Amino acid sequence: MKTTIIDGQKISQEIKLEVANETKSFQDSFLVTPGLAVILVGDDPASSIYVKNKEKAAIASGMAGQTINLPSTVSEKDLLQIIENLNLSKEIHGILVQLPLPTHISEEKIVQKIDPIKDVDGLHPFNSGLLSAGTPRFIPATPAGIRELLLRNDSNPDGKHVAILGRSNIVGRPLANLLSMKSIGGNATVSLCHSRTTNLKKITINADIVIAAIGIPNFVTEDMVKENVVVIDVGINRVKSSMTKRGYRLVGDVEFESVKLKSKAITPVPGGVGPMTIAMLLRNTLQAAKLQCG
Ligand code: NAD
C-alpha cells in the first residue's frame, strides 16, 4: 500500500495564495486593508517565533500586521485596556492574544474582552457557542486547518469514524464540533478521547481517521490503528537530540515511521498541521474585515 504523506507546507501555501488574491479584490472593492494585531506577553522564545511568523504571513498576504510586545510584568488591567483600544480601532479587524499568559493574568477575562467580531482565534465563548450550535463564524485555526488537510487529501470525514485524542479548547473540543457538524467536511461520527478515557486502543483501532492532540511524544503506536487509517498528528514535542545544533528535535504524538506503514495518509511533524494554523488565521482575519465592512 502506498502511503500519502500529507504536505501541510504545500497546502498552506495554496491557501495563503487564495487569501492573498481575495485580500487584493477586497481591498480594491472596499479600499480597506485587513489588519491583524497579535499581542505577545513576555519573551518566551518559541512564542516570539510563532508571533513573528504570524505578522510576517499577514504582511505577505497584503494585510497590515502589527505585533504588540508586552513585558511579562504587564498588569491584567493594562492588557484589558490595550484590547479595548484595539476593539475600537478602525485599522484592526482581527485580534489575537498569544497564549499561555503569565499566571497573574486571567486568560478567560482576556479572551472574553476581545470583541467577538475581531476574535480571529475563535476562542471567545460567543464564537465557540456558534460553533457548538453548528453555525460557526470564526473556527479556531488549528481545527480549521485539519479539516482542510482532510478535504484536500481525499479524506472527507463524512460518514467516517474519527477518534480525536485530546479535549483542549483550542484543538480537540472545537475539532469534535467541527467534524460532526452537518456540513461539508463534517458528518463524521466522533469519539472525543482524553486522559480519563478507558480502553483507548479499542476506540482508535476502530477509527477510520485518528487525530492526536495530546502533547506526548510518539504516543500513538502502530498497534493502536487499523490498516488504511488516515492519521493527523497535531502534537509538537521537543525531544533531546545530539544530532541537531539546537540540542533538540521536534516530534509529534504519533510514532511516525511505524504508523506510516499502516496508513493510507499521514501528516509529518514538522510540516503537517503546523503550517496550516497560520494560513487559517489569515483566512479568519480576511473574513473579519469583510464582516466589519458589511
Ligand atoms: P493540552 O496540552 O491543553 O491538553 C492535552 C490533552 O491531551 C488533554 O485534553 C488531555 O485530556 C489529553 N491527554 C493527555 N493524556 C492523554 C492520554 N493518555 N490519552 C488520551 N488523551 C490524553 O492540548 P493542546 O493545547 O491541544 O496541545 C496538544 C498538542 O498539540 C501539544 O503538543 C501542542 O504543542 C500541539 N499543538 C499544535 C498546534 C499546531 O498548530 N500544530 C496547535 C495547538 C497545539
Side-chain angles (χ1 to χ4, degrees), residues 8-24 26-27 33-41 46-69 83 86-87 89 91-101 107 110-111 114-124 126-128 130-131 136-149 151-152 168-175 178 185 213 232 234 236 267 270-292:
Q9 199 68 47
K10 181 167 163 270
I11 297 169
S12 72
Q13 290 303 341
E14 288 166 13
I15 293 171
K16 282 183 193 167
L17 194 62
E18 289 164 16
V19 172
N21 289 336
E22 273 182 58
T23 300
K24 173 87 183 57
F26 170 75
Q27 271 171 328
T33 300
L36 171 68
V38 184
I39 301 176
L40 175 63
V41 180
S47 296
S48 302
I49 295 171
Y50 291 147
V51 165
K52 224 22 315 86
N53 287 343
K54 286 170 186 170
E55 184 189 338
K56 271 205 268 182
I59 292 169
S61 297
M63 301 182 185
Q66 180 189 344
T67 302
I68 301 170
N69 288 294
I83 294 173
L86 293 169
N87 282 343
S89 164
E91 280 86 45
I92 295 299
H93 305 93
I95 304 170
L96 183 151
V97 179
Q98 185 71 33
L99 301 177
L101 291 169
E107 283 188 2
I110 296 303
V111 167
I114 298 170
D115 185 336
I117 206 156
K118 297 191 175 187
D119 169 41
V120 286
D121 235 358
L123 299 179
H124 190 288
F126 188 87
N127 287 316
S128 49
L130 284 177
L131 175 59
R137 180 165 64 185
F138 298 119
I139 301 166
T142 304
I146 292 168
R147 180 177 65 172
E148 209 62 39
L149 282 181
L151 285 175
R152 292 184 190 224
S168 73
N169 286 341
I170 59 165
V171 186
R173 197 172 295 282
L175 184 62
L178 187 63
I232 305 289
V234 188
I236 303 175
T267 58
V273 175
M276 294 298 290
T277 300
I278 291 185
M280 302 318 286
L281 171 69
L282 298 179
R283 192 178 257 184
N284 279 350
T285 304
L286 175 59
Q287 193 197 341
K290 285 181 177 174
L291 285 170
Q292 284 158 60

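Here the structure is a predicted model, which means the values were calculated and not measured.
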By side chain to side chain donor-acceptor pair (under 3.5 Å) - contacts of Arg173 (at least two apart): none
Approximate separation, where rounding is to 0.5 Å, of Met276 CE and Ile146 CD1: 9.5 Å
CD1 on Ile232 to CZ on Arg147, rounded to 0.5 Å: 13.5 Å
Asp121 CG to Ile139 CD1 distance, which is reported to the nearest 0.5 Å: 13.0 Å
Ile170: which of Leu123, Leu175, Thr142, Thr277 passes side-chain contact (heavy atoms from CB on, under 4.5 Å): Leu123
Value rounded to 0.5 Å, distance of CG in Asp119 from CG in Asn127: 4.5 Å
For Lys54, all residues meeting side chain to side chain donor-acceptor pair (under 3.5 Å), sequence neighbours excluded: Gln98
Pairs touching residues 270-287 that satisfy salt bridge (charged side-chain N to carboxylate O under 4.0 Å, His left out), sequence neighbours left out: Glu18-Arg283, Glu148-Arg283
Any residue meeting side chain to side chain contact (heavy atoms under 4.5 Å, CB included) with Asn69, in chain and number order, not counting sequence neighbours: Leu40, Thr67
Verdict with supporting geometry, Leu149 and Ile11, side-chain contact (heavy atoms from CB on, under 4.5 Å): CA-CA 7 Å; Leu149 282 181; Ile11 297 169; 3.6 Å; yes
Side chain to side chain contact (heavy atoms under 4.5 Å, CB included) partners for Gln13, two or more places apart: Gln9, Lys16
Which residues share a side chain to side chain donor-acceptor pair (under 3.5 Å) with Lys290, sequence neighbours left out: Glu22
